[in-house]
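Here's the structure we're looking at; comments come further down.
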Amino acid sequence: MQKEQSAAPLYEAVLKYVSDGVVPFHVPGHKQGRGLPEMASLSGQQLLGMDVNGMKDLDFIGNPSGVIREAQMLMARAFHARRAYFLVNGTTSGVQAMIMAACEPGSEIIIPRNAHKSTFGGIILSGAMPVYVQPQCDRRLGIATGVSLSDMEMVIKAHPHARAVLVINPSYYGIAADLKAIVNLAHSYDMAVLVDEAHGAHLYFHPGFPVTAMEAGADMSAASMHKTSGSLTQSSVLLYRSKMIAVERVKHVLDLTYTSSASYLLMASLDLARKQMALQGRKLLSQTLQLARGARDSINRIAELYAFGPEMLGKPGCYGFDETKLGIHVAALGISGYQVEDTLRKRFNIQVEMSDLHNILAIVTIGDNELQVRQLVEALTQLASEAKHKNSPFYFEIPPPPEMIVSPRDAFYSPTKSVSLQAADGEIAAEMLMAYPPGIPVVLPGERITANMIDYIELLKQQGCALQGTADPKVNCIRILGSQ
Ligand SMILES: Cc1ncc(COP(=O)(O)O)c(C=O)c1O
């Protein structure tokens with residue numbers, strides 16, 4: 001027992017990650033402190049000393065009236081919002097709060113089918129009814145792009161009483177929809193616009209990026225400062241400038257979900273990252289853009305690779321592009337994106353943010369420099385020189401969204417059981433199944449499973465797609481509604 005308990009596997013693994021000197025092309029954007037030097041200069045003792053709890057002179061997150069309030073006001077001003085709320089449970093909690101603030105049980109909300117799972121969490125918590133709008137897809141890359149204005153218009157016209165529209169700005173791969181036009185359209189139908197800016201906190205601090213939620217006139221946005229703007233993992237911000245959603249309602253929802261022990265380390269890092277971005281963001285992000293552009297050009301000189309960039313603009317669903325997202329199409333290497341990610345880590349000590357069947361994604365931030373970019377380009381050059389077969393990428397025709405039989409919330413609270421995938425034809429799903437690529441859920445809780453869908457899932461499995469969301473990671477079984 002004592003021997004067993006002397007291990008601290010997680011702690012040891014994280015320490016090893018640090019001592020291995022892994023080159024991080026993943027979030028958090030401060031990249032091991034380089035992107036937030038003022039905080040990195042503190043000693044371990046000082047950092048641990050800052051790990052305190054609410055008290056009179058340090059204010060209280062539940063009802064801030066002192067330094068937290070002041071810091072949140074500065075944050076709001078930096079983001080051109082009316083209010084800003086610090087979040088210590090990531091943008092996940094912000095997306096959930098936005099949906100709960102805008103919707104009541106039964107009210108409709110229009111969301112892109114490729115929304116993050118936090119959106120589906122918000123839908124279950126609020127009891128809102130989702131109405132899906134299918135994003136466009138790029139067939140060559142095999143990824144979802146943005147929602148087109150015409151598709152959004154069609155869905156809005158078919159559901160004119162929906163309470164809100166949710167938009168992702170930008171996508172993981174950096175692609176942005178025509179946010180401003182969507183905001184104008186939704187507002188003309190009295191629908192609030194909620195924006196998931198998990199990958200877009202830095203857009204606010206340089207003119208070379210797609211339009212931001214607050215600039216576009218959206219009602220609320222949740223932005224992951226930690227992913228791209230220098231603060232510590234899990235620290236995000238909820239931005240508000242709505243005429244439709246009452247500020248008291250937002251506060252009420254946050255009161256419900258906030259921890260009563262918000263981390264001062266996370267909140268202080270938000271404060272500091274905001275200061276840095278407000279004062280130096282333009283300069284830092286100019287350097288970041290230059291690095292990302294240099295990396296993209298070098299990678300595009302490698303015949304087997306394609307680092308997609310602003311030439312995507314004008315393609316269906318692609319209205320804006322964030323060049324700091326370095327999506328690299330690797331299909332011509334003859335191995336999957338997953339294998340490229342593994343090889344980069346094992347042989348070259350480089351960790352990318354994510355991979356799918358045909359692509360890898362490296363995230364370039366204010367914490368990066370020439371050295372890291374060179375390491376990535378050299379590793380990819382080496383991999384390309386070893387490429388044996390050039391395969392032709394395939395593309396899956398995604399089946400249309402299935403019929404929703406019960407709301408996601410009702411499905412969540414219903415008895416469920418597990419059956420083999422083949423036996424699930426005609427049943428109602430109790431869990432989500434999502435495939436990368438293209439990151440669009442095949443089925444969501446409450447939707448009817450069809451024979452077509454089962455064939456599609458089998459095909460995805462055969463091709464080695466990453467399937468996520470089900471309790472059975474191999475998806476031989478799926479949970480459906482019903483008693484055991
Ligand atoms: C599109 C999108 N929305 C929301 C989130 C949740 O953000 P966080 O990790 O800050 O909770 C993510 C996380 O990757 C995401 O990709």
Side-chain angles (χ1 to χ4, degrees), residues 24-30 75 79 84-100 109 111-125 130 132-133 135 143-147 165-177 179 193-203 210 212-213 218 220-239 254 257-259 262-263 266-267 269-270 273 317 320 322 324-325 327 351-356 359 361-363 365 432 434-441 466 468-469:
F25 276 98
H26 57 82
V27 303
H30 65 68
M75 183 73 92
F79 280 86
Y85 303 89
F86 288 175
L87 301 170
V88 293
N89 190 18
T91 289
T92 294
S93 62
V95 168
Q96 292 170 352
M98 291 194 295
I99 297 174
M100 287 169 78
I109 175 168
I111 60 172
R113 182 77 185 173
N114 62 333
H116 184 252
K117 64 181 180 178
S118 53
T119 297
F120 302 107
I123 282 178
I124 288 172
L125 290 169
Y132 296 111
V133 48
I143 60 170
T145 58
V147 168
V165 168
L166 186 132
V167 186
I168 305 165
N169 188 53
S171 71
Y172 226 142
Y173 282 111
I175 295 162
L179 185 57
V193 180
L194 316 176
V195 186
D196 176 344
E197 290 191 314
H199 303 289
H202 60 300
L203 308 186
T212 66
M220 293 179 79
S221 157
S224 295
M225 285 289 279
H226 64 101
K227 290 193 200 289
T228 55
S229 295
S231 65
L232 297 190
T233 294
Q234 236 177 284
S235 61
S236 287
V237 61
L238 183 63
L239 304 168
L254 288 175
T257 52
Y258 257 152
T259 169
S263 158
L266 297 192
M267 292 192 290
S269 80
L270 276 172
D322 169 7
T324 65
K325 311 281 192 293
Q351 180 62 55
V352 293
E353 171 71 9
M354 70 156 180
S355 53
D356 64 38
N359 307 286
L361 175 68
I363 297 205
T365 72
M432 173 173 103
M434 159 125 108
Y436 273 100
I440 298 176
Q468 295 179 5

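Numbering of ligands and ligand atoms starts at 1, following listing order. Bear in mind that the values here come from a model prediction, so they are computed numbers and not experimental data.
- Considering both main-chain and side-chain atoms, S224 comes within under 3.5 Å of ligand 1 through a nitrogen or oxygen pair.
- Each of the atoms 10 (O), 11 (O) of ligand 1 lies under 4.0 Å from some heavy atom of G90.
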Take L361 and K325 through the test side-chain contact (heavy atoms from CB on, under 4.5 Å) and record every step on the way to the result.
CA-CA 7 Å; L361 175 68; K325 311 281 192 293; 4.1 Å; yes

Can I363 and T324 be said to form a side-chain contact (heavy atoms from CB on, under 4.5 Å), step by step?
CA-CA 6 Å; I363 297 205; T324 65; 5.7 Å; no

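- When each atom of ligand 1 is checked for a heavy atom of S236 under 4.0 Å away, the hits are 10 (O).
- The backbone N or O of L270 lies less than 3.5 Å from no partner atom in the side chain of S235, so there is not a single donor-acceptor pair.
- Considering each of V27, T92, N114, the one bringing a non-hydrogen atom nearest atom 6 (C) of ligand 1 is T92.
- The shortest N/O to N/O separation between S118 and ligand 1 does not fall below 3.5 Å.
- A donor-acceptor pair under 3.5 Å links the side-chain atoms of R113 to the main chain of P441, judged by distance alone.
- Ligand-side atoms of ligand 1 in range of A198: 2 (C), 3 (N), 4 (C), 5 (C), 12 (C), 15 (C), range being under 4.0 angstrom from any heavy atom.
- With a 4.0 Å heavy-atom cut-off, ligand 1 is reached by the side chain of H226 but not by its N, CA, C or O.
- When only non-hydrogen protein atoms are considered, atom 3 (N) of ligand 1 lies nearest to D196 OD2, 2.5 Å.
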Given the rule in the side-chain contact (heavy atoms from CB on, under 4.5 Å) test, do M98 and V195 qualify, once you have shown the distances and angles that lead to the verdict?
CA-CA 9 Å; M98 291 194 295; V195 186; 5.8 Å; no

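- Side-chain atoms of S171 come within 3.5 Å of backbone atoms of Y173 as a donor-acceptor pair (strictly under, hydrogens ignored).
- When hydrogens are left out, the protein atom nearest atom 9 (O) of ligand 1 is K227 NZ, 3.1 Å; that is the closest non-hydrogen contact.
- With T91, N169, I168 as candidates, the residue nearest to atom 8 (P) of ligand 1 on a non-hydrogen basis is T91.
- Judged by distance alone, with hydrogens and angles left aside, the side-chain atoms of Q96 form no donor-acceptor pair with the main-chain N or O of T119 at under 3.5 Å.
- When only non-hydrogen protein atoms are considered, atom 16 (O) of ligand 1 lies nearest to H199 NE2, 2.6 Å.
- At least one donor-acceptor pair under 3.5 Å links the side chain of S269 to the backbone N or O of L232.
- For the ligand labelled ligand 1, residue Q234 lies outside the 4.0 Å heavy-atom shell.
- Distances between N or O atoms of N89 and those of ligand 1 include no value under 3.5 Å.
- Partner of E197 under the side-chain hydrogen bond (donor to acceptor under 3.5 Å, both in side chains) criterion, chosen from T91, N169, T228: N169.
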